[in-house]
Amino acid sequence: MKQGDSGTVVQDGKATAYKNAVLDDKKLQDALKSINPKFGDFCTRVAGEAWSLPLIDQKTKALITVAVDVANQDHVGSGSPFAAHVNMAMQQGATRAEIEELLLFMCVYAGFNKAAGCFGTLNDILGPSA
């Protein structure tokens, strides 16, 4: 995955730029529905509406969701949203370096141990940091 022009993300030779990180991402919707069809539909409708609010850009919203995962310690286990939110942030133009800086920032506000676990999970998702 690499960043392209105009905030797009190039993955597998394809550019992706979502105006709404939930409503425009059919793969995410399918993953939510695979947990439970009613749950997936509910999440898509409710989160899709929240992601449609206009004042905060999609990348910032995605980084906020990663921060919430750190605070809630939602980075491991079945149905964990952390990997989906990391991928969502990267699809919206965030870099690994920005996500790592966010995790360092969250040490102060959520706790060092919570952030440490998220660093480990980030390495599981993206591979070891260079």
Side-chain angles (χ1 to χ4, degrees):
M1 182 181 308
K2 65 179 182 176
Q3 189 153 358
D5 296 332
S6 305
T8 63
V9 173
V10 178
Q11 185 174 14
D12 301 326
K14 255 173 61 175
T16 303
Y18 296 135
K19 290 181 181 179
N20 183 306
V22 174
L23 296 179
D24 295 338
D25 190 343
K26 299 304 179 200
K27 186 176 178 183
L28 172 65
Q29 292 173 32
D30 290 343
L32 291 168
K33 288 178 185 175
S34 75
I35 295 169
N36 176 281
K38 289 181 182 179
F39 172 79
D41 179 59
F42 184 75
C43 285
T44 297
R45 287 184 290 111
V46 175
E49 185 174 332
W51 283 79
S52 293
L53 296 172
L55 299 180
I56 301 172
D57 64 87
Q58 298 291 292
K59 177 181 168 183
T60 302
K61 287 177 184 175
L63 289 170
I64 290 168
T65 63
V66 172
V68 170
D69 292 339
V70 174
N72 288 336
Q73 207 55 152
D74 285 340
H75 65 92
V76 295
S78 180
S80 164
F82 184 74
H85 292 155
V86 165
N87 289 324
M88 182 183 284
M90 294 184 79
Q91 285 175 323
Q92 297 305 322
T95 64
R96 182 189 183 120
E98 288 173 314
I99 293 168
E100 288 176 348
E101 184 172 307
L102 173 64
L103 295 181
L104 286 172
F105 182 78
M106 290 304 295
C107 287
V108 176
Y109 294 98
F112 286 85
N113 292 339
K114 287 182 177 182
C118 291
F119 271 110
T121 303
L122 184 66
N123 287 339
D124 291 343
I125 297 165
L126 302 177
S129 185

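Computed from heavy atoms alone, side chains included, the values below leave out hydrogens, waters and symmetry copies.
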Same cluster (ILVMFWY, side-chain, under 4.5 Å), Phe39 and Trp51: yes

Kindly work out whether a path of hydrophobic side-chain contacts (I/L/V/M/F/W/Y, heavy atoms less than 4.5 Å apart) joins Phe42 to Leu28. no

Under 4.5 Å between any side-chain heavy atoms of Asp124 and Phe82, yes or no? no

With sequence neighbours excluded, what pairs up with Ala110 under the side chain to side chain contact (heavy atoms under 4.5 Å, CB included) test? Val70, Ala71, Met106, Lys114

Flag side-chain contact, heavy atom, 4.5 Å: Ile125 against Asn87: yes

For the pair Gln58 (side chain) and Gln92 (backbone), establish whether a donor and an acceptor sit closer than 3.5 Å, ignoring hydrogens and angles. no

Straight-line distance of Leu63 CG to Phe105 CZ, nearest 0.5 Å: 12.0 Å

I need the full list of side chain to side chain donor-acceptor pair (under 3.5 Å) pairs touching residues 28-42, with sequence neighbours left out, sorted by first then second residue. Asp41-Arg45

Do Leu104 and Met90 belong to the same hydrophobic cluster, where Ile, Leu, Val, Met, Phe, Trp and Tyr are linked whenever their side-chain heavy atoms lie under 4.5 Å apart, directly or via other members? yes

Applying side chain to side chain contact (heavy atoms under 4.5 Å, CB included), name anything that partners Leu23, two or more places apart in sequence or on another chain. Asn20, Thr44, Ser52

Would you name the heavy atoms of Gln91 and Asp25 that are closest together and state the gap between them? OE1-OD2, 3.2 Å

NE2-CD1 distance between His85 and Ile99, expressed to the nearest 0.5 angstrom: 12.0 Å

Shortest non-hydrogen separation from Asn113 to Gln73 and the atoms involved: O-OE1, 4.3 Å

Please confirm whether the backbone N or O of Thr95 pairs with a side-chain atom of Glu98, one donor and one acceptor, at under 3.5 Å? yes

First locate atom CE of Met88, then atom OG1 of Thr65, and finally report the distance between them rounded to the nearest 0.5 Å. 6.0 Å

How far does CG of Asn123 sit from SG of Cys118, to the nearest 0.5 angstrom? 11.5 Å

Common cluster, Phe112/Leu102, ILVMFWY with side-chain heavy-atom separation under 4.5 Å: no

Smallest separation among heavy atoms of Ala89 and Ala62, with atom names: CA-CB, 3.4 Å

